[in-house]
Amino acid sequence: MAAEPIRETRTDNMMLNMGPSHPAMHGVIRIVVELDGETVVSSDTEIGYLHRAFEKEAENATYNQVFPYTDRLNYVSPIINNVGYALAVEKLLGLEVTERCKYIRVLMSEISRVCDHLTCIGASAMELGAMSAFLYMIEAREFLWELVEQVTGARLTIAYCRVGGVKADLPENFEQEVATRFQKVREVLKDVDGLLTRNRIFIERMDGVGVISKEEAIDYSFTGPMLRGCGVPYDVRKANPYLVYDQVSFEVPTQTGCDNYSRYLVRMAEIVQSMRIVEQCFPKMPKGPINVDHAGNVMEPADMVDTAKIGKTHDLPLIQLELSPNLEGLEKKQHREVMAPDKGVVLPAKNDTYGNIEGLMNHFMLIMEGWGIQPPVGEVYQAVEGANGELGYYVVSDGMDKPYRVRVRPPCFAFVAGLHKMIDGGMIADVIPTFGSINMIAGELDR
Amino acid sequence: MWVDIGITVFNVLVAGLFVLSLAGLLTWVERKQSAVMQDRIGANRADLFGWDPKLLRPIRRLGLFHPIADGLKMFLKEDYIPPEANKLLFSLAPFLSLFCGLIAFAVIPFCDKFQVWGKTVSVQVASLDIGVLYIFAALSMGIYGVFLAGYTSKNNWAYLGALRASALMLSSEIAIGVSIIGVVMLYGSMEIGDIVRAQQAGPHDLLFGFLPKWGIVMQPLGFLLFLTAGIAATKRIPFDMPEGESEIIGYFVEYSGMKFGMFMMTDFVETIVVAGLTAALFLGGWHIPYFYPAHTGGWITVLQVLVFMLKVCFLCWFMVLVRWTLPRFRYDQAMRLGWMGLFPLAIANIVVTGIMIVMSNG
């Protein structure tokens, strides 16, 4: 009798479509993974689910109209996007903003950075099942978003910056508000630190997972916390200071683990540093506008506008305005504090617009299509340190009132390009914390 | 004979209703407790189809209508069966899962034996001599439901979930079984009622003269191991990798409607079973510390039932607390914990217990 041929068990790899409708992929990305058991053999990342043609839209909008679009890039920290774009256009114009405006931009950027890091850490923790840590973080972010709301009037799509300044000055008692809210944020950080940092399960899930070597990280042009988690202390704020980052002291935290846990620690340390920067800004900031004196000729802004509309403009510029929601921040005194004194770029204060013919003409020339801000022919690249890394704007002008080209260098794009290096060979359960730690924001990834 | 049947029916009703209503209530506890832990208010909007009388408003504010609304929603939703799935097994799986969870409670006693109509009875569905083994069997059988669900759904995610559930079951059930042997050795019985009775034999049977000889005092390591493995058996965070809602969505990804509801229910029922078992084996079951009633029956029995239920509720609360505090293990980490952490420690516990028993008997 012939011997039975030895039968071998044939195994196939399993192809699994992770996303876009997968809880951890947020509906904006798809990773096709090839699995051997639970081990990821290979992976293929597919992006483009949130493509909104930002760059093309920007070519069809005037320079100031691009701001609302930039809000939607990294929608967790929109102010930094605003600042980056404003700096790029100002560089093109050769315009210098006022000192107070610089501080306001830095301050608001840092608050945004804290929001972004809180969201990133919270979301990674939630995807690992630590729901409570996530909600603590979101609560802390809520305190900060209320601050953002007080300043900008909106929570997410803030459109706060303008070419040559910012939309509005800081509200009254803002320093105190910040102090009380930062107190709460610090308490939350302490709680979360206790819940996660030394939590054995959390460490096991994060430590040594999603590793990418320092060299590979540089090759893939990683920036931000991802690169600093590999031990490279590169930070645009230090390497190439913009605004007033050279006048405030802060550290660039680094870790050498090259893994998810290092990135987590870097982000936690950066939150502390960002709050430190904000607190330094207040005493250094040039004195803001004094509160309007209610005695004497006080007039409701809306009344003033109505009066001006029927032509009774006599003496109107002399009248001091009360603050009101619709005109807040563009009242003359404040306007002078936060906007550059360049009539070719910056809209005049509202009481000039409605109060005298020069102001009205100035306003009109800037608003009219085909006029507006017309930078000289040229091209600039301006990078800012976004929450995720280097966020660069490359703006080309052909001398018209609309940008010829706006190109964004999003920090996440590099991370997603290198994602397969981090997840291949690991387990499918590790894809989630790794994907969480790169903090991919589809808004800026796909644009 | 009619008396016997009557008593059994009564016991089945008490145990069944207790488990099922507590499971329903646990959905509410889960919502509200997590809300309290996370500085939220929690669900408080459901009312009776818009009917909102003043009298019922406190119930509504507490969100107590939500379990009812949940149940109703589950029943009214479309019950979808994937075309590729095996219809029979796909439909059988949730029933099997819930059934195994429910029957496990049968051997857990609510109170001491007492006399009624000349019969010695107890609020316990079945006083099995192998009660402990029966519970392991019932809990382990539960894996069939889960595995069938994942296997017959014809969905790769569900399949991964089923495999993880099997791996987890193997790691946790062994640890449960071994960690309990110390208790069995100590109290010398497999019948859970006997084990409870032995935990507080009399006023002179105290450890160091002041501690009641409850399982948690006599077997602290066994208690920790059992509770850990028990939480693993319930497949909830930190051991929820069969579900892993942000990773693989879970073995029940293709289920909808009440079938999905039954899987959710199973998790809660298993929580209650583990809580009941822990209360009986380690927390002195129906006993109140330093209280030795001369006879049973009447209000003493009612008190015992209430005390036992209270202990179960406390343990449920504790398990929900754990669930909302910790992150999730990766499945290989959970297996390593089961095989290389809990299992050897449980063996060591048996050895130490054996030595202690021999030493104390001289």
Side-chain angles (χ1 to χ4, degrees), chain A residues 12-19 21-26 33-35 37-39 122-140 142-143 184 187-188 191 194-196 199-209 426-436, chain B residues 30-31 33-42 150-151 154-168 228 231-232 235-250 253-254 320-337 340-341:
Chain A
D12 276 339
N13 288 342
M14 181 196 266
M15 295 299 284
L16 209 51
N17 195 10
M18 208 171 187
S21 60
H22 179 280
M25 300 296 131
H26 312 168
V33 286
E34 190 183 348
L35 293 178
E38 289 229 2
T39 312
S124 325
M126 176 190 69
E127 279 158 5
L128 290 178
M131 192 77 187
S132 296
F134 168 69
L135 281 158
Y136 292 158
M137 289 300 219
I138 291 300
E139 196 188 5
E142 198 57 37
F143 296 138
K184 288 180 191 164
E187 279 165 24
V188 168
D191 282 351
L195 270 174
L196 297 179
N199 183 329
R200 183 74 191 278
I201 303 175
F202 185 73
I203 293 175
E204 278 197 22
R205 289 303 302 270
M206 300 289 269
D207 197 19
V209 171
M427 304 194 76
I428 185 152
D430 291 338
V431 174
I432 280 82
T434 307
F435 188 71
Chain B
E30 177 124 308
R31 281 211 180 98
Q33 193 177 334
S34 63
V36 170
M37 285 173 71
Q38 296 162 351
D39 294 349
R40 295 184 287 118
I41 297 169
Y151 190 54
K154 282 280 164 28
N155 179 316
N156 284 350
W157 295 107
Y159 189 63
L160 279 179
L163 291 179
R164 284 182 178 194
S166 315
L168 178 65
T228 312
I231 292 174
K235 303 189 290 295
R236 280 155 62 80
I237 287 176
F239 297 97
D240 75 328
M241 48 280 197
E243 184 186 339
E245 57 178 355
S246 55
E247 289 171 12
I248 58 161
I249 309 107
V253 61
E254 293 288 352
V320 174
L321 187 74
V322 170
R323 185 245 177 276
W324 286 100
T325 307
L326 293 178
R328 172 190 314 124
F329 278 108
R330 204 168 61 202
Y331 104 103
D332 60 321
Q333 290 165 350
M335 285 188 74
R336 203 180 313 136
L337 178 74
M340 293 165 75

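For the numbers below, each heavy atom of this structure counts, side chains included, while hydrogens, waters and symmetry mates do not. Below, chains carry the letters A, B, ... as their sequence lines are ordered, and counting in each starts from 1.
With contacts defined as side-chain heavy-atom distances shorter than 4.5 Å, the pair B/Arg330/A/Val209 qualifies. Inter-residue side-chain proximity for B/Asp39 and A/Leu135 is flagged as unmet; no heavy-atom pair is nearer than 4.5 Å. Between B/Ile249 and A/Pro23, some side-chain heavy-atom pair lies under the 4.5 Å cut-off. Side-chain contact between B/Asn156 and A/Leu35 is absent, with no heavy-atom pair separated by less than 4.5 Å.
In terms of heavy-atom proximity, B/Tyr331 sits nearest to A/Met427 at CE2-CE, 3.6 Å. A/Asn199 and B/Pro327 make their closest contact through ND2-CD, 3.3 Å (heavy atoms, listed as atom of the first residue, atom of the second, distance).
No part of B/Asp240 comes within reach of chain A, as not one of its non-hydrogen atoms sits under 4.5 angstrom from that chain. Proximity to chain B (any heavy atom under 4.5 Å) is shown, for A/Leu128, by both the backbone and the side chain. For A/Phe202, the parts sitting under 4.5 Å from any heavy atom of chain B are the backbone and the side chain alike. Residue B/Ser34 does not touch chain A at all, counting heavy-atom pairs closer than 4.5 Å.
Between chain B and the residues A/Glu204, A/Met15, A/Met131, A/Met18, the largest count of heavy-atom pairs under 4.5 Å involves A/Glu204. The residue among A/Ser132, A/Ala133, A/Pro433, A/Ala24 with the most heavy atom pairs within less than 4.5 Å of chain B is A/Ser132. Put simply, of B/Arg323, B/Met241, B/Glu247, the one with the most heavy-atom pairs under 4.5 Å next to chain A is B/Glu247.
Around OH of B/Tyr151, the count of heavy atoms belonging to other residues, nucleotides or ligands within 6.0 Å does not exceed 12. Other residues, nucleotides and ligands place more than 12 heavy atoms under 6.0 Å from the CZ atom of B/Arg40.
Atom CZ of B/Arg164 is separated from atom CD of A/Glu38 by 4.0 Å, given to the nearest 0.5 angstrom. To the nearest 0.5 angstrom, A/Ile201 atom CD1 is 8.5 Å from B/Leu337 atom CG.
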Trace of the side chain to side chain contact (heavy atoms under 4.5 Å, CB included) decision for B/Trp157 with A/Ile428: CA-CA 11 Å; B/Trp157 295 107; A/Ile428 185 152; 4.0 Å; yes

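With B/Arg328 contributing its side chain and A/Glu127 its backbone, the two residues share a donor-acceptor pair below 3.5 Å.
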